[in-house]
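Note sheet for the following structure.
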Amino acid sequence: DDVLPFRYGAALANEIERRWQDRWAAEGTYHAPNPAGELSGGFERLAGRPKLYVLDMFPYPSGVGLHVGHPLGYIGTDVYARFKRMSGHNVLHAMGYDAFGLPAEQYAIQTGAHPRVTTEANITNMRRQFRALGLGHDDRRSVATTDVAYYRWTQWIFLQIYHAWFDPDAGRARPVGELVAELEAGSRLAVDADHPDGRPWPELSPAEQRGYVDDQRLVYRDEAPVNWCPALGTVLANEEVTAEGRSERGNFPVYQRPLQQWKMRITAFAERLADDLDLIDWPERIKAMQRNWIGRSLGARVEFPLAHDPSRTITTFTTRPDTLFGATYLVLAPEHPLVADIVAGSWGEADPTPWRGAGLAGVIEGVPATGWESPMEAVAGYRRYAAARTELDRQRESRVKTGVFTGAYAVNPTNGEHLPVFIADYVLMGYGTGAIMAVPAHDQRDLDFARAFALPVVGVVRPPDGWFADRGLDPDAPAAEWPEAFTGPGAAMASANQGVNLDGMATSEAIATVTGWLASVGAGEATRTYRLRDWLFSRQRYWGEPFPIVYDADGQPHALPESMLPVTLPEVDDYTPAVVGDDDESVPVPPLGRAAEWAEVTLDLGEGPRPYRRELNTMPQWAGSCWYYLRYLDPGNDDALVDPAIERYWMQGPGAEGAASGGSGGVDLYVGGVEHAVLHLLYARFWHKVLYDLGHVSTPEPFHRLYNQGYILADAFLDERGVYVEASEVEGDEESGFTHQGRPVRREQGKMGKSLRNAVSPDAIGAEYGTDTLRLYEMAMGPLDADRPWSGRDIIGVHRFLQKLWRNLVDEATGASRVVDVATGDDLRTTLHRTIAGVAADMDGLRFNTAVAKLIECNNALTRSLAAGDGGVPREVAEALVAMLAPLAPHVAEELWSRLGHPESVVWAPFPEADPALLVADEVEMPVQVAGKVRARVTVPADAGEAAVEAAVRADPAVLAALAGREVRRVVVVPGRLVNLVV
RNA sequence: GCCCGGAUGAUGGAAUGGCAGACAUGGUGGCCUCAAAAGCCACUGCUCGAAAGGGCGUGCGGGUUCGAAUCCCGCUCCGGGCACCA
């Protein structure tokens with residue numbers, strides 16, 4: 001480099017990069033103006049442009065900093081944002097920090113350092129790394145969820161949700177004040193008038209009125225079994241617990257414990273959260289995951305009167321009401337509230353011993369070989385057994401069916417048959433009604449249970465003949481002999497009574513018919529149910545948003561008025577969460593309980609100064625990430641979470657991507673990892689819908705288009721013990737074998753990160769090649785949505801490209817420009833304009849890898865043209881190449897742009913436009929296939945008709961040779977592409 | 001078990017009904033150099049052949065089509081999601 005002072009190497013690249021980063025910061029190059037308010041400076045200049053909101057899933061500011069896998073999506077959105085800005089959009093692109101959460105708190109527990117101190121240090125470091133990557137964020141809009149000025153509005157939104165209820169008639173959230181007004185006016189009754197306990201509003205006591213309203217709120221307190229994670233010292237939402245019953249973060253065991261916790265009524269929005277997926281442009285797999293998680297299923301509620309007390313019924317949910325005539329028993333979830341009421345005093349003489357729990361003698365301690373002595377004991381014993389089992393136990397023993405008989409019978413409403421009522425843990429309290437009608441002939445789980453408990457199997461849907469044949473059965477074999485349940489659709493049979501006859505009907509028709517009959521006799525109705533549960537919203541941790549809630553002397557919660565926001569997080573001397581043993585039934589006290597002076601306050605909430613105790617739980621980390629995309633729009637607003645005019649401008653229109661293509665509005669492009677499919681992305685949609693219903697935002701969905709970037713993978717190495725060793729210290733190669741400190745290690749590939757000890761720092765790559773090379777490499781290595789392995793070997797390729805392009809434009813010895821003001825040669829000009837068209841289309845479609853390839857090809861064409869002695873580099877080619885490079889490698893592009901004589905930044909330069917006349921050639925070379933194989937090429941005028949092409953082909957000597965005298969049976973001419981002669 | 005992806009040279013990948021392997025890495029040879037690095041040039045799917053040229057080739061087996069990596073049917077393997085959800 002000392003011989004060639006202007007060669008584009010690491011030293012020069014780093015100097016250029018630092019210089020331009022300083023200038024961008026000084027000039028506010030990436031500031032996107034708002035239509036109003038304090039950030040509106042410069043808006044008039046851009047007022048005619050369409051808006052574009054490009055968003056990244058913001059990071060948690062981790063202490064170890066970024067590795068090269070982290071910024072893949074950030075670079076992708078940056079390239080896209082820059083391209084769209086050059087293509088005439090007003091582009092909003094900002095970055096914030098999701099800074100509440102466990103790691104800073106764990107670090108604080110270990111070291112005593114305040115989480116705020118470490119968090120701010122980490123944010124500073126991350127900002128430095130983002131700046132060093134050349135990401136063009138509007139840094140005036142950067143927010144951290146831990147900023148008091150930010151979480152004040154998180155608390156404000158909480159209050160909005162708290163003060164709202166879901167009106168099922170309107171299908172939307174409304175202010176609780178409107179509910180109270182309707183109740184007081186008498187236009188709405190406190191409870192269903194048909195209900196035996198139904199009473200009009202004025203007859204309720206103040207406490208009852210309050211209790212009723214609290215039960216309607218979208219935020220409510222619930223005493224129910226929750227996911228308690230002792231290792232984390234907190235409860236967790238269902239979305240944060242894995243299928244194995246462990247915490248999503250840290251993989252610690254999770255136990256079910258009844259605790260009183262705050263919840264959000266996300267289930268009220270299940271229907272809209274599922275339906276509105278059709279409005280948005282998201283990857284099908286993410287939509288599928290959300291649909292699956294919401295778990296809508298259509299069916300019917302069916303009421304079974306108790307045999308000994310027909311005035312009371314067991315309510316079941318089924319998706320197959322057409323099989324009702326085949327129900328032979330009922331099952332309640334063990335914790336179903338009705339169980340205690342219906343359990344019989346003693347066994348019936350004929351009750352088989354398995355019904356009494358004999359089969360559990362070896363499984364549960366203290367069960368006699370002939371089962372429990374009475375239904376009471378059986379139910380109590382089985383409930384204890386079921387409650388003690390973890391998710392993991394259930395998985396391990398999976399399909400083995402257990403349960404006991406309650407001694408009670410219910411009546412099948414179709415035929416009056418008395419059906420024994422069991423409790424069994426294969427029925428879950430949290431789904432449907434927590435009770436099922438069992439139809440063993442047509443449900444495999446019910447059949448397994450029926451076989452274990454000697455219950456009858458009655459077929460009421462006739463399988464097709466092939467079903468019998470496949471199983472070697474006689475087509476007349478009764479259901480009791482079937483080896484498995486028939487769960488498919490078929491013709492109903494043995495399903496008639498005096499009121500309804502399903503026999504012969506197809507399943508769908510039978511479902512509709514029997515559901516109508518059930519409704520007509522008051523024994524049921526069509527309904528739908530969801531797998532989704534309400535969102536458990538409180539955490540027993542320190543580093544989160546405090547609730548704007550206090551409790552009075554009676555323990556009643558009160559929401560604080562807006563004027564008392566923010567409720568700031570107090571100082572504590574110990575951040576350790578409550579340590580409670582796995583079997584300890586005591587209620588854990590969160591760390592905020594140690595801030596006694598903060599917790600005990602005297603406030604005037606309208607009834608004069610009184611003592612209150614603050615809520616000691618904090619909000620989950622998802623709270624702050626539910627709405628940050630709104631705060632970017634208007635980050636300094638102290639009067640509202642976002643100014644409505646600014647919100648409409650960025651979220652609604654006149655952007656091309658949002659409003660035009662589906663009607664959902666929202667962020668035009670949201671890029672992030674797939675791991676938030678049912679966490680952040682579901683919670684944020686829920687909050688957004690509440691805010692929409694209450695009139696605080698103007699679009700029904702927050703994110704119009706979602707895109708999942710892939711992960712960067714890297715080689716990881718394990719020693720003999722199976723422990724990961726530092727990948728950067730491993731020596732050797734595939735053939736000679738890999739070693740670490742002299743000992744052999746084994747290679748595997750995994751997601752780059754701290755845990756696999758295979759992280760590669762962007763700082764190191766930047767120092768070795770420059771940031772532009774790193775950016776370009778990450779974009780060139782494959783499609784943005786694909787996982788791809790990091791290769792230290794391949795990165796040199798894009799570095800060479802930048803070097804070659806630089807060398808074509810700048811004399812490496814003198815620094816003089818090699819650009820001349822001459823007309824571009826025809827061939828080069830055609831190549832250039834095809835490149836422009838291709839690169840623009842690729843960037844628009846986020847296909848940055850092929851865009852880079854096209855730029856390399858174009859530069860190679862320029863190199864060849866120079867080698868052929870074409871004088872200097874025509875200005876047209878140089879300017880277009882630099883402008884096209886600018887979104888990908890902005891620093892070197894700025895430097896070259898400036899050396900081309902432009903005092904203004906290339907960031908705001910228009911993207912080159914292709915001359916359409918140059919995209920169509922005068923002549924085309926068409927391959928000629930004979931019998932499907934390419935045998936010749938003919939060159940014809942581009943506008944030649946089929947007949948002219950055919951004539952040229954038939955006259956071509958190579959074609960004649962390939963035909964070897966064979967007769968041409970058919971000629972296929974694809975104009976401009978290819979000719980196929982069929983022989 | 002159900003649902004969703006994926007499989008192309010030594011490697012990352014390109015081509016989404018029309019010339020398979022763009023572009024890049026790696027490799028081989030050459031130029032330059034005292035030498036090395038860098039750079040430049042050429043070649044680089046497999047195979048038969050001295051060459052000209054031929055044959056084969058996009059996980060496997062079928063099909064549709066003048067024509068299939070691409071569409072359809074049936075498999076195999078890999079990855080992801082869900083899973084006693086009535």
Side-chain angles (χ1 to χ4, degrees), chain A residues 1 3-4 7 9 243 283-289 291-293 295-297 299-300 302 316-320 323 331 333 394-395 397-401 424-428 430-439 442-446 448-449 487 529-532 674-675 677-678 734 776-777 780-783 785-801 803-804 807 812 838 847 849-858 860 863-864 867 925-937 968-974 976-983:
Chain A
D1 285 12
V3 208
L4 295 170
R7 164 161 292 190
E284 240 350 280
R285 102 188 129 132
I286 302 291
K287 290 193 189 185
M289 281 191 227
R291 281 200 191 94
N292 198 353
W293 188 260
R296 173 162 59 192
S297 76
V302 184
T316 63
F317 173 76
T318 178
T319 55
R320 292 294 301 275
T323 62
V331 186
R394 292 169 61 105
Q395 304 247 324
E397 301 154 29
S398 62
R399 314 293 184 236
V400 180
K401 295 287 179 292
D425 67 357
Y426 84 93
V427 172
L428 310 173
Y431 183 77
T433 62
I436 62 157
M437 64 175 213
V439 186
H442 304 295
D443 183 288
Q444 190 59 43
R445 295 153 302 181
D446 295 346
D448 294 342
F449 190 88
T487 57
T529 189
Y530 301 91
R531 209 183 78 111
L532 184 69
V674 69
E675 69 273 14
V678 292
E734 204 152 357
L776 203 57
Y777 174 58
M781 64 204 287
D785 59 357
D787 292 350
R788 72 288 297 279
W790 177 264
S791 161
R793 197 179 74 179
D794 291 351
I795 192 169
I796 188 71
V798 289
H799 186 64
R800 283 181 192 148
F801 160 60
Q803 214 166 48
K804 290 177 197 173
R807 183 161 52 229
E812 290 182 311
R847 294 184 301 270
N849 54 329
T850 49
V852 173
K854 288 181 173 86
L855 288 173
I856 292 174
E857 279 185 278
C858 187
N860 289 347
T863 306
R864 277 194 301 275
E925 187 192 65
M926 291 170 68
V928 180
Q929 295 182 334
V930 175
K933 294 205 189 316
V934 177
R935 299 294 184 183
R937 285 157 202 290
V968 177
R969 289 194 294 145
R970 186 175 159 189
V971 180
V972 180
V973 177
V974 185
R977 305 236 28 152
L978 140 160
V979 180
N980 191 8
L981 303 180
V982 186
V983 293

Produce the list of close N/O pairs, under 3.5 Å, pairing protein atoms with atoms of nucleotides 40-47 of chain B; give distances to one decimal.
from	atom 1	to	atom 2	distance (Å)
B:C40	OP1	A:R807	NH2	3.4

Please name the pair of heavy atoms, one in [X] and one in [Y], separated by the smallest distance, quoted to 0.1 Å.
X      : Y      : value
A:A424 : A:F449 : CB-CE1, 3.7 Å
A:T433 : A:T316 : OG1-CA, 3.4 Å
A:I436 : A:F317 : CG2-O, 4.4 Å
A:I286 : A:A677 : CD1-CB, 3.9 Å
A:M926 : A:V973 : CE-CG1, 4.5 Å
A:A333 : A:L428 : CB-C, 3.9 Å

Which is true for [X] with a 4.0 Å heavy-atom rule: it touches a base, it touches only sugar-phosphate, or it touches nothing?
X      : answer
A:V972 : base
A:S791 : nothing
A:T529 : nothing
A:V974 : base
A:R935 : sugar-phosphate

Please report the distance, rounded to the nearest Å, between [atom1] in [X] and [atom2] in [N].
X      : N     : atom1 : atom2 : result
A:D425 : B:A86 : CG    : C1'   : 14 Å
A:F801 : B:C23 : CZ    : C1'   : 11 Å
A:I796 : B:G27 : CD1   : P     : 12 Å
A:M926 : B:G18 : CE    : C1'   : 10 Å
A:R847 : B:C23 : CZ    : P     : 18 Å
A:I795 : B:U25 : CD1   : P     : 12 Å
A:M289 : B:G79 : CE    : C1'   : 12 Å
A:L855 : B:A14 : CG    : P     : 16 Å

(request) With RNA chain B as reference, determine whether A:L978 or A:W293 sits nearer its 5' end, using the nearest nucleotide of each. (result) A:L978
Short question: side chain of [X], backbone of [Y] - any donor-acceptor pair under 3.5 Å?
X      : Y      : result
A:R970 : A:V968 : no
A:Y777 : A:G792 : no
A:R291 : A:R296 : no

[options]: which one has an atom nearest the side-chain heavy atoms of [X]?
X      : options             : value
A:R7   : B:A38, B:C19, B:A86 : B:A38
A:Q929 : B:A86, B:C19, B:C84 : B:C19
A:N980 : B:C19, B:A86, B:G67 : B:G67
A:Q803 : B:C19, B:A86, B:G39 : B:G39
A:V934 : B:A86, B:C19, B:C23 : B:C19
A:R977 : B:G18, B:A86, B:C23 : B:G18

Does the structure show a Watson-Crick or G-U wobble partner for [N], both distances under 3.5 Å? Name it, or say none.
N     : result
B:A7  : B:U76
B:A50 : none
B:U16 : none
B:G57 : none
B:C2  : B:G81
B:G39 : B:C31
B:U70 : none

(message) Can you see whether A:D446 engages A:Y426 through a side-chain donor-acceptor pair at a distance of less than 3.5 angstrom?
(response) yes
(request) May I ask you to verify whether the side chain of A:K854 and the base of B:C23 hold a donor-acceptor pair under 3.5 Å? (result) no
Do [X] and [Y] touch side chain to side chain, with heavy atoms closer than 4.5 Å?
X      : Y      : value
A:Q929 : A:V979 : no
A:M289 : A:V674 : yes
A:M437 : A:T323 : yes

Interatomic distance at [atom1], [N] relative to [M], whole Å:
N     : M     : atom1 : result
B:U28 : B:G9  : C1'   : 16 Å
B:C32 : B:A24 : C1'   : 25 Å
B:G26 : B:A38 : P     : 9 Å
B:G49 : B:G55 : C1'   : 11 Å
B:U25 : B:A20 : P     : 25 Å
B:G67 : B:A7  : P     : 25 Å
B:G45 : B:A14 : C1'   : 15 Å
B:C60 : B:U70 : P     : 11 Å

(request) State whether A:N292 places a side-chain N or O below 4.0 Å from either non-bridging phosphate oxygen (OP1 or OP2) of B:A83. (result) no
Could you run down the sub-3.5 Å N/O contacts of the protein with nucleotides 3-13 of chain B?
from	atom 1	to	atom 2	distance (Å)
B:G12	O2'	A:M781	O	2.8

